[in-house]
Asker: 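Encoded as structure tokens, here's the structure I'll be asking about.
Here the structure is a predicted model, which means the values were calculated and not measured. Values below: all heavy atoms of this structure, side chains included; hydrogens, waters and symmetry mates excluded. Reminder, nothing fancy here: chain letters follow the sequence lines and each chain counts from 1.
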There are 2 protein chains.
Amino acid sequence: MLNSKNMENKEKQNKEQQILTAAEQEFLAKGYDGARTTSIAKAAGVTHAMLHYYFRTKEQLFERIVDSKFSLMAQSMISAFGNPNHSIVERIRGGIGLHFDFIADNPQLPLFVINEIISRPERYDILYSRMRGIVDSVYANLQRDIDLAAERGEIERIDARMLFISIMSLNIFTFIAYPFMEPIMGELMADREAFLEARKAENIATIMCRIKAKE
Amino acid sequence: MLNSKNMENKEKQNKEQQILTAAEQEFLAKGYDGARTTSIAKAAGVTHAMLHYYFRTKEQLFERIVDSKFSLMAQSMISAFGNPNHSIVERIRGGIGLHFDFIADNPQLPLFVINEIISRPERYDILYSRMRGIVDSVYANLQRDIDLAAERGEIERIDARMLFISIMSLNIFTFIAYPFMEPIMGELMADREAFLEARKAENIATIMCRIKAKE
DNA sequence: CTTTGCATTAACAGAATTGTTAAACAACTT
DNA sequence: AAGTTGTTTAACAATTCTGTTAATGCAAAG
């Protein structure tokens, strides 16, 4: 009896999960307005009534996706602050690499999050207030390390928030603008893997230069 | 009679223009899928039948907007290559500034263009082939100047395309991610004008560092 | 003054899309 | 076997949105 209940739950989780997976694809690729519940259901291999049975409305299904994606995005941003136990230069270099790799694994994520925040800013007020505390403390910690290293003459003194924006810019734009840049970049972007490796190195080099760290 | 014909044309152009202006706002803010022809007509102060009378379909109206916006985007990108008559350092510094100011005047432009290209890549094949020639030659010209200056020891040798991507990243991301960054950046972004000035300076400093130019 | 041609409106039509419901079904319990 | 519970389906309902059409208005030209 436990067995059969489990089976049932697994089956249910399967369908629910299939819908969630299909919804994730559709919403990430087309956004809320462009997504169609019927094509999500079709991609998941269920009738569209099932989608409503499990998730009630398109809105609620979307919220499930959006919440998980926003968490992922926050997580990736935290990773960009690097490991506080390393030296400041290694910390920043490592942070850039971690963040770049994270975005490379989730290339649709930033644009999705940005578009959603722009079209419905209200929803994120709560999320922001939660996130802000974390970011503020990690940032203050980074700023302190930067100031200390600057006093020792190891690096240039710089505003940690500005540095953070620069890192986000360099790492994220590469993926947001990929389809935009690719046709006008010739062979440089022909081999995606090779280009991404070169681009990551370039971003690290650029930020290392900016803080006047020796390579 | 000429007078009255002119009046008529002006009147007509007024309505057409009002629709175009309203459509531009709506499409830039919400994208093709999110935009509603009825709300464009309402914002323009005409019945929605008039919108169809002048532009036939939503698609055709959208194409008018998209074409003009894509031209603007191309123009802004060309401006980032700077003035070839200046020294290489001044050329790049000036190019970044021009491009930044251009985007600051059209902050919704990049995201609109990127979203549109992602959701309908086909349409841009022709536009790309036209643009690619121009970009290629301007890029080759820049690369030559960089190589010459590098041989003279004035700057670091660097791939002009990589440099271009970095400039685009730093300048464009600031505006794409503005609503995303603003809540977690505290006072730094409180005064928009002041922040944009500081950000422009930061982007220039970052690129100048990268090419090892003395400030 | 009537005709001609474009502009304008209101009402309508069609399609797509989201959401609901009632009935059938399947598995398990008693 | 009858009942219970949650799942699934097919058909339907309602709305929203795009696009059309037929009638009306209106100014200029003959």
Asker: Would F62(B) and F55(B) count as a close aromatic pair, with their ring centres under 6.0 Å?
Answerer: no

Asker: Of H48(B), E26(B), Q25(B), which meets side chain to side chain donor-acceptor pair (under 3.5 Å) against S39(B)?
Answerer: E26(B)

Asker: Please state how far atom CD1 in I19(A) lies from atom P in dG19(C), giving the value in whole angstrom units.
Answerer: 14 Å

Asker: Inspect the contact between E182(A) and R192(A) and indicate whether a charged nitrogen and a carboxylate oxygen are less than 4.0 angstrom apart.
Answerer: no

Asker: The side chain of T57(A) lies closest to which of these nucleotides: dT21(C), dG19(C), dT20(D)?
Answerer: dG19(C)

Asker: Using whole Å, report how far NZ of K15(B) lies from P of dG25(D).
Answerer: 16 Å

Asker: What is the distance, to the nearest angstrom, from the NE2 atom on H48(B) to the C1' atom on dG19(D)?
Answerer: 7 Å

Asker: Please round to the nearest 0.5 Å and tell me the distance separating atom CD1 of I96(A) and atom CG of L170(A).
Answerer: 8.0 Å

Asker: To the nearest 0.5 Å, what is the distance between OG1 (T38(B)) and CG (L51(B))?
Answerer: 9.5 Å

Asker: Which nucleotide sits closest to the side chain of Y53(A): dT21(C), dG6(D), dG19(C)?
Answerer: dG6(D)

Asker: From C-beta outward on H52(A), which listed nucleotide comes closest to its side chain: dT18(D), dT9(D), dT20(C)?
Answerer: dT20(C)

Asker: Starting from C1' on dT7(D), measure out to CG on N14(A) and report it in whole angstrom.
Answerer: 14 Å

Asker: Supply the atom-to-atom distance I172(A) CD1 to F100(A) CZ, rounded to the nearest 0.5 angstrom.
Answerer: 11.0 Å

Asker: E59(A) has an atom CD; how far is it from atom P of dT18(C), in whole Å?
Answerer: 12 Å

Asker: From the options dT8(D), dT18(D), dG19(C), select the nucleotide whose nearest atom is closest to the side chain of Y54(A).
Answerer: dT8(D)

Asker: Answer yes if the ring centres of F164(B) and F81(B) are under 6.0 angstrom apart, and no otherwise.
Answerer: yes

Asker: Measure the distance from CE on M50(B) to P on dA10(C) and round it to the nearest whole Å.
Answerer: 12 Å

Asker: Hey, can you pull the residues of residues 32-47 of chain B with a non-hydrogen atom under 4.0 angstrom from DNA chain D?
Answerer: A35(B), R36(B), T37(B), T38(B)

Asker: To the nearest angstrom, how far is L51(A) atom CG from dT8(D) atom P?
Answerer: 13 Å

Asker: Without decimals, in angstroms, what is the distance between F55(A) CZ and dT18(C) P?
Answerer: 15 Å

